[in-house]
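To keep things clear, I will list the structure first and then write my remarks on it.
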Amino acid sequence: MSNYHIKQFEEYFQVYRKSVRNPEQFWEEIAEEHFVWRKKWTNVLSWDFKKPEVKWYEGAKLNITENCLDRHLRTRGDKTAILFEPNDPNEPAEHISYIQLHERVCKFANVLKEKGIKKGDRVCIYLPMIPELAVSLLACARIGAIHSVVFAGFSATALSTRINDSDCKMVITADGSYRGAKTIDLKGIVDEALNDTPGVESVLVAKRINSDINMKEGRDFWLQTLLDEAYQDCDIEIMDAEDPLFILYTSGSTGMPKGMMHTCGGYMVYTAYTFKNVFQYTEKDVYWCTADIGWITGHSYIVYGPLCNGATTVMFEGVPSYPDFGRFWEIVEKHKVNQFYTAPTAIRALAKEGVEHLEKHDLSSIKVLGTVGEPINEEAWHWYDDNVGKKKAPIVDTWWQTETGGIMITPIAFATPTKPTYATLPFIGIQPALMDENGKEIKGNQVDGRLCVKFPWPSMARTIWGNHQRYKDTYFSAYENMYFTGDGALRDEVGYYRITGRVDDVIIVSGHNLGTAPIEDAINEHPAVSESAIVGFPHDVKGNALYGYVTLKETGESRNHDNLRKEINQLITEQIGPIAKLDKIQFTNGLPKTRSGKIMRRILRKIACNETDQLGDTSTLLNPEVVEEIIDNVI
Ligand code: PRX
């Protein structure tokens, strides 16, 4: 019998030991006993981090939607699968049962087929948090199309870059979206993006805000009209375990966003297994993850992981501040949410508003609290514990990444004793390592280093779409035979991990990963700009905010600097999206550089963080004089 549901700390250790001593046997048992396969694997795992190549459940045949939908129809067909809570609190919530979801997915899948989408084709999904978003992921998966969801806050340029990178044939979008009191013209953004995407043949448009939009004859189709005519039965496409399931883009420290590719079998097993255990989901629970499905958290822990377990998963369209800062708590009370999973940035924003919003609502249904996306500071952790969990709900601080597909280091609710700001222990099957700068593993406790993983796990991304070399260079070249995460971490005296943050040029702002290079590229497109450098500095709600140092072509630039600042942020909004806007922009006469011409971001970071006493020796710089000037003019 496999240990599918771990309930105690001793049991965690016992199962963990088993999972690392004999990973193949362990993951074989879990897969065999808890999932539906059309054919069993011939080999549980083959791997080589040097190549790199990882295969799980090779030879197995399955479809993830049979596991998420069909298998529940008989046992829990009328149970709510997706509980949709709209942006407007006066609009009624929608309870979509497993039977209804199955039917909606089948119909949608038939629409995709009717529009010429086949197994292996890429479909870009650019939708707000409405049920069609979850349905469209599952519809793609049902027919073996590879979905590539782009968060609907990205700009037209960012969208077209992603569409072209994976050569999507279709885009699924909506006429617009609600965001608090505002509406957003999504279709307008898509139209702009599609000026530059030769591969897109069709666009399906869901109606959400009933706006008057432009529909291009022969290319754009109203989704509902097609659904009304679609058959409600759709057989699954039988997929190989290692066939791609989806692509999801994440920022790198340089260049293009990376299209992380996940595959069907291992991703299904690992997301389902982690969901069940980390959150201790039981049959009658209502689970709510506040992330957007445009990010990996939504893919794995709103859609696939919960549905594979037959869970009720809440999808919230709106924002925590609308109509007021009590909205989350109103929803928790209304739907009697049992597991609540959010990001530190949301916790900090809510904490800032005080506890009066919380006090108006009954939060006694909450059993487990979760956090993800960035390190949680001690103050936010305690606020969450004291006021939301009332010191009774364990906080699972889950560390993981788009690349890892599922939760990697985390407490198991009720089993692992928690510790503020610590993600605690590796999940079952995960073998972390801390490395020093010389490439040696740091053993023992009370140490810190760069966080790596020594052994494959089922849901790891298999490649970067179209660029396997970059996958190798980014994740498998820094340390021999290790997956390198890009994060720093420390291990305390009992072996608990605390993630200290990125050690590369990725900055996490409000839980969103932002690479500095694409932002700098956007700034440098401004005709008045000569060069720029972006660093992060601490922000009490966003965790980090962006500080830009910008050198102008003409030092005596006569234009008003405030206008220039606006223009720069406008360029960033157009190229990437409003999430990448700079909080501070300082105009400089030069940027500190090494003699080989490399910008010394470390120095700029210290200045932005007001740590000028820690600059170290600047005399070896090519242009040490600019440092003083930058310090004098700091914002
Ligand atoms: O730096 C880590 C941080 O978020 C990065 C991954 O971002 P992304 O791929 O967007 O996925 C976010 C959601 C899984 C990591 O490299 N991070 C994520 N979770 C935590 C975290 N940092 C500290 N504690 C966490 N719990």
Side-chain angles (χ1 to χ4, degrees), residues 149-151 153-154 246-253 257-262 267 270-271 274-275 278 289-305 341-348 369-378 380-381 384 395-411 416 418-427 430 432 448 450-453 457 459-461 464 474-475 478 483-490 496-515 536 542-544 579-580:
V149 182
V150 177
F151 171 62
F154 276 117
F246 66 83
I247 299 166
L248 185 60
Y249 287 88
T250 186
S251 303
S253 18
K258 299 170 286 188
M260 305 314 305
M261 189 196 90
H262 285 280
Y267 176 82
Y270 194 78
T271 53
T274 44
F275 172 75
V278 172
C289 165
T290 70
D292 192 291
I293 293 175
W295 310 114
I296 191 70
T297 307
H299 280 57
S300 303
Y301 299 110
I302 296 179
V303 181
Y304 290 114
Y341 189 27
T342 195
T345 185
I347 299 168
R348 289 189 295 262
L369 295 173
T371 148
V372 61
E374 61 186 305
I376 181 164
N377 49 311
E378 186 127 13
W381 196 99
Y384 202 28
I395 297 178
V396 290
D397 178 354
T398 63
W399 172 83
W400 58 295
Q401 309 177 296
T402 306
E403 294 86 338
T404 69
I407 295 170
M408 300 287 282
I409 301 185
T410 181
T416 316
T418 59
K419 176 174 176 180
T421 77
Y422 280 74
T424 75
L425 294 169
F427 188 73
I430 303 304
D448 67 272
R450 296 180 169 211
L451 182 61
C452 290
V453 187
W457 62 99
S459 67
M460 61 191 293
I464 293 175
T474 313
Y475 304 107
Y483 165 82
F484 174 48
T485 65
D487 283 320
L490 59 84
Y496 272 20
Y497 287 85
R498 175 185 184 171
I499 313 301
T500 47
R502 302 290 309 183
V503 293
D504 56 10
D505 284 330
V506 171
I507 305 171
I508 304 189
V509 178
S510 299
H512 304 314
N513 274 11
L514 298 171
K542 300 192 226 181
N544 293 297
I579 49 176

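When a residue number appears, it is its place in the shown sequence, counting from 1. In each ligand, atom 1 is the first atom listed, and ligand 1 is the first ligand listed.
- Tested against His299, the residues Tyr304, Phe246, Phe275 include a single ring-ring contact (aromatic ring centres under 6.0 Å, His included) partner, Phe246.
- Every atom of ligand 1 is numbered from 1 in the order shown, and the set under 4.0 Å from a heavy atom of Asp397 is 24 (N), 25 (C), 26 (N).
- Counting the atoms of ligand 1 from 1 in the order shown, those under 4.0 Å from a heavy atom of Val372 are 13 (C), 14 (C).
- Between Thr485 and the options Arg502, Glu403, Gln401, a side chain to side chain contact (heavy atoms under 4.5 Å, CB included) holds for only Gln401.
- Regarding atom 5 (C) of ligand 1, its nearest protein heavy-atom neighbour is Ile508 CD1, 3.8 Å.
- Using a 4.0 Å cut-off to heavy atoms of Thr398, the atoms of ligand 1 that qualify are 19 (N), 20 (C), 25 (C), 26 (N).
- Nearest to atom 15 (C) of ligand 1 among the protein's heavy atoms is Asp487 OD2, 3.1 Å.
- Residue contacts with ligand 1, taken as heavy atom pairs separated by less than 4.0 Å, involve Arg502 solely via side-chain atoms from C-beta onward.
- Each of the atoms 13 (C), 14 (C) of ligand 1 lies under 4.0 Å from some heavy atom of Thr297.
- Qualifying salt bridge (Lys or Arg N to Asp or Glu O under 4.0 Å) partners for Arg348, counting only residues two or more places apart in sequence or in other chains: Glu374.
- Here the heavy atom of the protein found nearest to atom 24 (N) of ligand 1 is Glu374 O, 3.3 Å.
- Counting only non-hydrogen atoms, the option in Pro344, Gly373, Ala291, Ala343 that gets closest to atom 19 (N) of ligand 1 is Gly373.
- If you number the atoms of ligand 1 from 1 as listed, the ones under 4.0 Å from a heavy atom of Trp400 come out as 6 (C), 14 (C), 15 (C), 18 (C), 19 (N).
- Minimum interatomic distance between Tyr497 and Pro432 (heavy atoms only, all atoms of both residues): OH-CG, 3.5 Å.
- For atom 8 (P) of ligand 1, the closest heavy atom belonging to the protein is Thr402 OG1, 3.5 Å.
- Using a 4.0 Å cut-off to heavy atoms of Asn513, the atoms of ligand 1 that qualify are 6 (C), 7 (O), 8 (P), 9 (O), 10 (O).
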